[in-house]
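For reference, the structure discussed in these notes is given below.
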Amino acid sequence: LRRAKEIDESLVRFTKRGATILAGEVKDYTVTVDLLNKTIYHDCTDWAQNRMKAKLFCKHLGAFFLHLKQAEAVPLLRRMLFERETWVFDVA
């Protein structure tokens, strides 16, 4: 969380914010949250090599969710936590 907060707001950009998909960029990396298929796609090395398999967030995913509106992020994060086993974490 500390490392996610260190990422400047100007480095987080949303490209899609719909009812079934959230997508954007954090630094030079892409993030896509497919709400319909319960899948998170991301492309940083830490994610692919370590965090994805354990279903843990990296600093880029943390920054992505920190920069969503709280009313949008909190229910989604709670849903992901309670349904963790049904979510798929994958490489973009």
Side-chain angles (χ1 to χ4, degrees):
L1 183 59
R2 178 188 51 77
R3 293 181 68 210
K5 288 179 178 180
E6 291 173 355
I7 296 176
D8 190 87
E9 184 175 352
S10 67
L11 299 175
V12 180
R13 185 173 75 91
F14 294 98
T15 55
K16 288 186 182 180
R17 288 176 84 162
T20 61
I21 196 159
L22 297 172
E25 299 168 351
V26 178
K27 293 187 172 186
D28 294 328
Y29 302 105
T30 61
V31 175
T32 303
V33 181
D34 181 340
L35 302 168
L36 191 61
N37 295 302
K38 295 182 181 180
T39 304
I40 298 176
Y41 299 97
H42 181 45
D43 61 352
C44 86
T45 305
D46 186 36
W47 169 261
Q49 293 179 351
N50 303 308
R51 321 263 325 145
M52 179 183 72
K53 293 176 186 116
K55 294 189 176 182
L56 299 172
F57 281 12
C58 65
K59 66 182 177 182
H60 308 109
L61 285 172
F64 183 84
F65 282 96
L66 283 171
H67 288 91
L68 285 172
K69 293 177 184 170
Q70 186 174 358
E72 189 176 9
V74 171
L76 176 55
L77 290 168
R78 281 190 179 134
R79 174 182 168 202
M80 292 172 71
L81 177 63
F82 291 117
E83 299 174 357
R84 184 175 175 169
E85 294 305 315
T86 63
W87 278 79
V88 175
F89 286 35
D90 206 350
V91 176

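Residue numbers count from 1 along this sequence.
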Notebook entry, point to check: Ignoring hydrogens and geometry, is there a side-chain-to-backbone donor-acceptor pair from His42 to Thr30 under 3.5 Å?
Noted result: yes
Show every donor-acceptor pair shorter than 3.5 Å between a side-chain atom in residues 65-80 and any protein atom, with sequence neighbours excluded, or say none if there are none.
{"residue": "His67", "atom": "ND1", "partner": "Ala63", "partner atom": "O", "Å": "2.7"}
{"residue": "Glu72", "atom": "OE1", "partner": "Arg17", "partner atom": "NH2", "Å": "2.5"}
{"residue": "Arg79", "atom": "NE", "partner": "Glu83", "partner atom": "OE1", "Å": "3.3"}
{"residue": "Arg79", "atom": "NH2", "partner": "Leu35", "partner atom": "O", "Å": "3.3"}

Notebook entry, point to check: Do Val26 and Ile40 belong to the same hydrophobic cluster, where Ile, Leu, Val, Met, Phe, Trp and Tyr are linked whenever their side-chain heavy atoms lie under 4.5 Å apart, directly or via other members?
Noted result: yes
Notebook entry, point to check: Under 6.0 Å from the NZ atom of Lys16, do we count more than 12 heavy atoms belonging to anything else shown?
Noted result: no
Notebook entry, point to check: Quick one: do Val31 and Leu56 end up in the same hydrophobic cluster if we chain Ile, Leu, Val, Met, Phe, Trp and Tyr together by side-chain heavy atoms under 4.5 Å apart?
Noted result: no
Note to self: Are Leu61 and Val88 linked, directly or through intermediate hydrophobic residues, by side-chain heavy-atom contacts shorter than 4.5 Å (ILVMFWY only)?
What the structure shows: no
Notebook entry, point to check: Could you state the interatomic distance from OG1 (Thr32) to CG (Leu22), rounded to the nearest 0.5 Å?
Noted result: 9.5 Å
Checklist line | Minimal non-hydrogen separation, Lys53 against Gln49, with atom names | finding: NZ-O, 4.0 Å
Note to self: Taking Asp90's backbone N and O only, do any of them form a donor-acceptor pair with Trp47's side chain (distance below 3.5 Å, no angle check)?
What the structure shows: yes
Item checked: From Met52 atom CE to Cys58 atom SG, the distance as rounded to the nearest 0.5 Å -> 11.5 Å
Item checked: Phe64 and Phe14 aromatic ring geometry - parallel, tilted or perpendicular at 30°/60° bounds -> tilted
Notebook entry, point to check: Taking everything shown except Asp8 itself, do over 12 heavy atoms lie less than 6.0 Å from its CG?
Noted result: yes
Note to self: Starting from Val33, can I reach Ile7 by hopping between I/L/V/M/F/W/Y residues whose side chains sit under 4.5 Å apart?
What the structure shows: yes
Checklist line | Donor-acceptor pair, side chain of Arg51 and main chain of Phe57, under 3.5 angstrom | finding: yes
